[in-house]
Amino acid sequence: MVGQPGVINRYQDGSYQAYDINYSATLNSSEWKTVSTNFTFLGDETIGDKAENCLSFIFWLDKPDSNTDDYYIKDFVITKYVADYPELKVTVDEKTSYLLNEKISHTVYGVKDGAETPITSGVTYKSSNEGVVKVHTDGTIRAVGAGSATITAIYDRVPVQFNVTIGEVDGVLDLSKTEKTVLASDETSQMAVDLVKSDSTVQTLVKADGTEVEDVSFSTSDANVATVSESGLVTAKKPGTALITAEYSGTTKSLMMIVGNTTASKDFEKDSDFSVSDKTVANFDTKTRTGSGRSLWVNAYSSNQAEAVSSIFSAPQNYETVQWWYYDDGEDTNKGFFHFMTGSSPRLNLWIWPVSSGKFYPDNRENTTTSGGCINVSGYPKTKARSKGWHQVVINNDDGHITLYYDGELLLDGNMTEGAANKAVGIGYQRWSSEEGADIWMDDFAHVETVARHNVTVTYGENGTVKNGDADVVSGTPIQVKGGESLTLKVVANEGYQAKVTVDNQQVALQDDNTVTLSNITANKAVAVTFEKVITTPEISGSNADYIIAQDDYDTGDGEKHFAYVSYYKAAIPATYQVKGLGMNFGDGTNTIALPVNDWTTDYMFGVRVFGKAVKKENTYTFQGFAVVEDEEGNESTITTGEPITK
């Protein structure tokens, strides 16, 4: 008997098949363990597909240091699972030639009591040769190369196998003639679709003006960002990115549409679009992706290692989406790589590998998640196989989370290394070897703000500060916040002071931890913070003579000019007190002028005006403000400005 510890071996028709039913547990002599597992018989010429032919399961545990332990098996039961359909059947519409990635048309049927029922969902597949037939994540199977493959389809634990023979595989869709891939809201762009054969012949399926359509269907990955009509007219809706997919005769190709505010772009229509004096940058060229313009020709051949073309394009801090296009001539030569980097490191490299035996091969390194994230010198994205033509590269940055799309296909999905996020990032091209022919053409660089941002401007004065996280907010300097997100500010008052906060001129209360949160920000916001002295005992100010204003031409209505005084005061009391009265003692101290009090705030600003025929400029008068206050226990007292002022 052969096997491994902790493995249940499967025998069928008296022959050992596999130890593919794994069970792991700690066993001892005083405790029963329950072993439960599922298995599926895959019918073939050797073992058939009859579950009743199963003879035995043997559990074997290697105990080389002990000959005394006994192991027992009880209640051994094999239960045959009864599926909805005991048998499956597959029909395949095979062709002599396919387009690359063309969907293989087939139907899976469930067979029961002689009746066949089509199964439209829940089927899983496995290909014996993914170089011929590949199973995609959406459950479809597609032709990728000439040859034969066995496909296993499983539904409700019941398998069925069928063979597929693929003849010549030829033809890919090309969407690169679509003129506009960066749009503003409500702008439109017509998809252009070509079918490119391996002999370089091109069949136009949809013209750039949308006038010719041949059985091409279109779809969008996000209709909130961009919609697409039956004829391929894309309409931008709101900032973001959306993959527009064209399908023809079962083969598909996607293009990224970018909607938002373009903050920087280079289409090389102007000489000023590129000014770096680098010997590896030759000049502009008439090879363009669309129209009659020009592109940047990068002659990367130099010595053994050409200099990187630094500053071809730089995305500023907090960028969301960066796009560029490049042209591969398809020649059997080494090209180079794009690097997308902050300084010298960390960086992301997108390799353009050479061909081998007449075929293009991708980089097989998939180390995109190790050593701190996808942006580092050793973590390269899995690169697509080279092909002749223009190729779109799009990089999205969502607060340090990076996704890289190549011709509409996701190649990388990971987080930036700490320290690299939200920094200005340069994009350059560096050739790979010393052989000539590594030159490429580049066009249509664009940096696009695909996420709405709003400014939160915080202003505050002395006796405290405002923090955003651990950093002090600079008063008057806007804080940028993505649309729909929140911002929490911590308000720190100096000892003896308390904060008063308004948002867009509306007073808001601080939380117990002295924070205020602005939720779902969809517009610019103004936050004002004042730090006021904490009042612990009642007080009234205004005893300085400067608070008293004299007016010598006051008109009392009798046609004569008289003298008048206006005196101003401020009463400040703790929150636990109430103000019962305000006023001023005037003249010789026997005249009292009282004011009504109606639910004022804790800062009581008031003025008292005295006038009349009896008020003479040549006389001397005294002024003393007062406030009648009541504490939390109901005790009344009168506070004054101190000694009366004589004026």
Under a 4.0 Å N-O cut-off, is there an ion pair linking Lys580 with Glu636?
no
Stepwise, does the side-chain hydrogen bond (donor to acceptor under 3.5 Å, both in side chains) test hold for Thr235 with Thr188?
CA-CA 4 Å; Thr235 301; Thr188 60; 5.9 Å; no
For Gly607 and Leu595, the nearest pair of non-hydrogen atoms, with its separation, is O-CD1, 4.2 Å
Check whether Tyr621 reaches the backbone of Lys616 with its side chain - one donor and one acceptor, N or O, closer than 3.5 Å.
yes
Check the orientation of Phe445 and Phe268. Use parallel for under 30°, tilted for 30 to 60°, and perpendicular for over 60°.
perpendicular
side-chain contact (heavy atoms from CB on, under 4.5 Å) with Thr641: of Gln624, Met584, Glu539, only one passes, and it is Gln624
Test side chain to side chain contact (heavy atoms under 4.5 Å, CB included) applied to Asn585 and Phe626, step by step:
CA-CA 8 Å; Asn585 298 319; Phe626 68 86; 3.9 Å; yes
side-chain hydrogen bond (donor to acceptor under 3.5 Å, both in side chains) contacts in which one or both residues fall within residues 237-246, not counting sequence neighbours
Thr245-Ser254
With the side chain counted from C-beta on, respond yes when Leu489 and Thr515 share a heavy-atom pair under 4.5 Å apart, and no when they do not.
no
Under 3.5 Å, side chain of Lys500 to main-chain N/O of Gln507, donor-acceptor pair present?
no
Side-chain touch His454/Lys525, heavy atoms, less than 4.5 angstrom
no
Between Val234 and Phe218, does a side chain to side chain contact (heavy atoms under 4.5 Å, CB included) hold up when you go through it step by step?
CA-CA 10 Å; Val234 177; Phe218 297 92; over 6 Å; no
Worked check of side chain to side chain contact (heavy atoms under 4.5 Å, CB included) between Asp444 and Thr181
CA-CA 9 Å; Asp444 293 327; Thr181 56; 5.9 Å; no
Output the distance between atom CD (Glu495) and atom CG (Asn463), rounded to the nearest 0.5 Å.
12.0 Å
Is the closest side-chain donor-acceptor distance between Ser229 and Ser231 under 3.5 Å?
yes
Residues that Trp390 engages under ring-ring contact (aromatic ring centres under 6.0 Å, His included), provided they are two or more places apart
Tyr327
Can you confirm whether more than 12 heavy atoms, excluding those of Lys482, are under 6.0 Å from its NZ atom?
yes
Would you check if Leu243 and Tyr405 make a side-chain contact, meaning some heavy-atom pair closer than 4.5 Å?
yes
Checking Tyr569 against Ser567 for the side-chain hydrogen bond (donor to acceptor under 3.5 Å, both in side chains) test, could you report, in this order, the C-alpha distance in whole Å, the side-chain angles of both residues, the deciding distance, and whether it holds?
CA-CA 7 Å; Tyr569 302 95; Ser567 183; 2.6 Å; yes
Quick check: do Arg289 and Gln392 have side-chain heavy atoms less than 4.5 Å from each other?
no
Between Asp222 and Ala242, the two heavy atoms sitting closest are O-CB, 3.9 Å
Heavy atoms from other residues, nucleotides or ligands near NZ of Lys253 exceed 12 (cutoff 6.0 Å)
yes
Closest non-hydrogen contact found for Ala246 with Leu175 is CB-CD2, 4.0 Å
Where Lys467 and Asp472 come nearest, the two heavy atoms and their spacing:
NZ-OD1, 2.6 Å
Do the rings of Tyr406 and Tyr326 sit parallel, tilted or perpendicular, given the 30° and 60° boundaries?
tilted
Rounded at 0.5 Å granularity, tell me how far CG in Leu233 sits from CG in Asp209.
11.5 Å
Gap separating the CD atom of Glu449 from the CG atom of Asn261, nearest 0.5 angstrom
6.0 Å
Under 3.5 Å, is there a donor-acceptor pair between the side chain of Asn524 and the main chain of Asn455?
yes
In Å, rounded to the nearest 0.5 Å, how long is the span from OG1 of Thr178 to CD1 of Ile244?
10.0 Å
Side chain to side chain contact (heavy atoms under 4.5 Å, CB included) for Phe606 and Ile540? Distances and angles first, verdict last.
CA-CA 11 Å; Phe606 65 97; Ile540 186 170; 3.9 Å; yes
Might you confirm whether atom CG of Asn505 has over 12 heavy atoms from other residues, nucleotides or ligands at distances under 6.0 Å?
no
Between the main-chain N or O of Ala226 and the side-chain N or O of Thr220, is there a donor-acceptor pair closer than 3.5 Å?
yes
Measuring from Glu462:CD to Thr465:OG1, what's the distance to the nearest 0.5 Å?
12.5 Å
Could you pull out the closest heavy-atom pair between Val610 and Phe623, with the gap in Å?
CG2-CE2, 4.4 Å
May I ask you to test the Tyr460-Val491 pair for a side-chain heavy-atom distance under 4.5 Å?
no
Could you check whether any side-chain heavy atom of Thr622 comes within less than 4.5 Å of a side-chain heavy atom of Ile645, counting everything from C-beta outward?
no
From Asn520 atom CG to Ser486 atom OG, the distance as rounded to the nearest 0.5 Å
7.0 Å
Suppose we call two aromatic rings close when their centres sit under 6.0 Å apart. Are Phe563 and Phe611 close by that rule?
no
Give a yes or no on this: more than 12 heavy atoms of other residues, nucleotides or ligands lie within 6.0 Å of atom CD of Glu230.
no
Ser295 and Thr288 side chains, donor-acceptor separation under 3.5 Å
no
Given side chains that start at C-beta, do those of Gln323 and Met256 come closer than 4.5 Å, heavy atoms only?
no
Compare every heavy atom of Ala236 with every heavy atom of Ala184, then report the nearest pair and how far apart it is.
O-CB, 3.2 Å
Val206 and Gln190, any side-chain heavy atoms less than 4.5 Å apart
yes
